[in-house]
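Quick notes on the structure that follows.
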Amino acid sequence: MAQKPSTPKGTRDFLPAEVAKRTYIFDTIRRSFETYGFSPIETPSFELSTTLLGKYGEEGDRLIFKILNSGDKMFKADVDALKDGNLARFSNSLAEKALRYDLTVPFARFVVQHQNELAFPFKRYQIQPVWRADRPQKGRYQEFYQCDVDVVGSDSLLYEVDFVLLFDEVLSNLNIPDFTIKINNRKILSGIAEVCGEADKIIAITVAIDKLDKIGVQGVIKELKSKDISDSALEKIMPLFGVAGSTKQRLDQMKTYLKSSEIGLKGIKELEFVLDQANELGMNPDHLEFDVTLARGLNYYTGAIFEVKANNVNIGSICGGGRYDDLTGVFGMPGVSGVGISFGADRIYDVLEELDLFPKTVDNRLDVLFVNFGEMEQSYCLKAVKVLRAAGISSEVYPTAAKMQKQMKYAHARGVKNVALVGEDEIEEGFMKVKNMDSGEQVSVNVQGLIHILK
RNA sequence: GUGGUUGUAGCUCAGUUGGUUAGAGCGCUGGUUUGUGGUACCAGAGGUCGCCGGUUCGAACCCGGUCUUCCACCCCA
């Protein structure tokens, strides 16, 4: 071995036991998606750079993996841009394709491209990997899976309600004991910016107040000042930090605060509808929380904003989403409202692992391994294996007549559930000895009996 | 992108002020008289100390670069 091989930064291999757990997560999510009426689609892992660039803000563009042009296309390199020090333009001329950064923007492209083949409102789900050239840390990878569900072609708030219920159902099915679905509305944030007379600085304001629980009131004020927010505006923002009490009380306080902002009040109304409906449909109120400080960076959101955090685990948000009124507009199809959410499968995995929440039954262990005693016994066992497999029981024969101990050790190392021993005596009597590797118990049964036990 | 951190056998880690053949535990392989794993006992294999370069008579140890790990920011799933 010359040099130790390794995967690139921020990527991982998955061993069989890990894949089994990941499959469990994907299956749980997929089942609920389909129950809620969403259909699966898939899109390519890479898109044209022009499709992706400029959709995620300056920060996002930096994190997009670009695919180097190959062959003669290298001649398209904009050497002048390099000379001028315009690295962004130079790199764009070198890369006409890029790995997808999320599933939402490619979906918008998909909707525009296939608009005549889709029935609106169109509901799709998509479970595929995405790539970000981010610096890895806990719960942050360069390659990870997103599980997206979106509806486009309707501005009905019923979908917001559906998504809240969907969050609740999936996370409950995954046995996550303590999570909070935070909900806010971009219109409320617009209203806040309007009230303090800094409507054009909405992004700076929301990003700053988003950090409230992290850096505190003083930290937020400091950040706002550094973004050139005027003192008079600051004064109007201050009352926000005093908003407290139950959800209803906080909503009332916000109503008063936003009384001069039409858009802000509309946001409150939308939010109230979603909260009321969720409540009426019996959702646990502890799971849903109105949070004025929830902003989320993606600037294409226009209505509801969601974010889910698993409590008692130090990991970022595990789900996110929101309403975007005009995502397809940039691809030439204006006026189509969409709303959607995303589950971060890799972070959910980390949460389940850390809290030891994977069901013990999640595995892909072999049901039965037949010990190989020699040619004659082997062909007898192969027939038994065929019957077992037909009954849906995974089974195989050890490939060589190696020492018993070696075969048993192999079975143990692989985590095989049962070992079947069929030697001369057993063949004569028409039975097999089957040892349960977990309990160590051994029984004598025929093939049908074994099927009966394992089914 | 900014600042810090990590890298020694398959794994978890020791390795004293730079000085001969770099260690431990676990794991692994083989054996303990031949149809039974996870326990016990015996034996054994396995590392040019992440990589490249520099300082030195001499580097796992000092210096520089690079890759990787983890963390904080930024941002986010």
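Within every chain, numbering begins at 1; the chains are lettered A, B, ... in the order of the sequence lines, protein sequences first and strands thereafter.
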Any donor-acceptor N/O pair under 3.5 Å between [N] base and [X] side chain:
X: A:Arg140; N: B:A77; value: no
X: A:Arg62; N: B:C75; value: no
X: A:Arg135; N: B:U69; value: no

Rounded off to whole Å, could you give me the [atom1]-to-[atom2] distance for the [X] and [N] pair?
X: A:Glu223; N: B:C75; atom1: CD; atom2: C1'; value: 12 Å
X: A:Gln407; N: B:U29; atom1: CD; atom2: P; value: 15 Å
X: A:Ile315; N: B:C71; atom1: CD1; atom2: C1'; value: 14 Å
X: A:Lys9; N: B:C70; atom1: NZ; atom2: C1'; value: 13 Å
X: A:Ile215; N: B:A72; atom1: CD1; atom2: C1'; value: 14 Å
X: A:Gln137; N: B:C76; atom1: CD; atom2: P; value: 13 Å
X: A:Lys55; N: B:C75; atom1: NZ; atom2: C1'; value: 19 Å
X: A:Phe179; N: B:A77; atom1: CZ; atom2: P; value: 18 Å

Specify the residue among A:Lys211 and A:Pro136 whose closest nucleotide of RNA chain B lies further upstream toward the 5′ end. A:Pro136
With nearest nucleotide decided by heavy atoms, which residue, A:Thr7 or A:Asp346, maps closer to the 5′ end of RNA chain B? A:Thr7
Between [X] and [Y], how do the two ring planes meet: parallel, tilted or perpendicular, split at 30° and 60°?
X: A:Phe122; Y: A:Phe110; answer: parallel
X: A:Tyr101; Y: A:Tyr56; answer: tilted
X: A:Phe167; Y: A:Phe306; answer: perpendicular

Regarding [X], tell me which of base, sugar-phosphate or nothing describes its non-hydrogen contacts under 4.0 Å with the strands shown.
X: A:Gly10; result: sugar-phosphate
X: A:Gly60; result: nothing
X: A:Tyr141; result: base
X: A:Ser317; result: sugar-phosphate

Using a 4.0 Å heavy-atom cut-off, write out nucleotides 34-43 of chain B from 5' to 3' as B (base contacted by protein), S (sugar-phosphate only) or - (no contact). -BBBB-----
With both distances kept under 3.5 Å, what pairs with [N], Watson-Crick or G-U wobble?
N: B:C26; result: B:G10
N: B:G53; result: B:C63
N: B:A40; result: B:U32

Does atom CD of A:Gln113 have more than 12 heavy-atom neighbours, drawn from other residues, nucleotides or ligands, at distances under 6.0 Å? yes
If you measure from the [atom1] atom in [N] to the same atom in [M], how many Å do you get, rounded?
N: B:A72; M: B:U5; atom1: C1'; result: 11 Å
N: B:U55; M: B:U69; atom1: P; result: 31 Å
N: B:G18; M: B:A60; atom1: P; result: 13 Å
N: B:G23; M: B:U16; atom1: C1'; result: 13 Å
N: B:C71; M: B:C11; atom1: C1'; result: 23 Å
N: B:G35; M: B:U21; atom1: P; result: 47 Å
N: B:U56; M: B:G3; atom1: P; result: 31 Å
N: B:U48; M: B:A22; atom1: C1'; result: 12 Å

So does A:Lys138 get a side-chain nitrogen or oxygen closer than 4.0 Å to the phosphate oxygens (OP1/OP2) of B:U69? no
Closer than 4.0 Å, any side-chain N/O of A:Lys406 to the OP1 or OP2 of B:U29? no
Do [X] and [Y] come within less than 4.5 Å of each other through their side chains, counting heavy atoms only?
X: A:Arg109; Y: A:Glu47; answer: yes
X: A:Tyr125; Y: A:Ile127; answer: yes
X: A:Met408; Y: A:Tyr410; answer: no
X: A:Phe144; Y: A:Pro129; answer: no

Does the gap between the ring centers of A:Tyr141 and A:Tyr349 come in under 6.0 Å? no
Quick check: does any side chain N or O of A:Asp346 sit under 3.5 Å from a backbone N or O of A:Tyr145, one acting as donor and the other as acceptor? yes
Among B:A77, B:C71, B:C74, the nucleotide that comes nearest once only the side chain of A:Gln146 is considered: B:A77
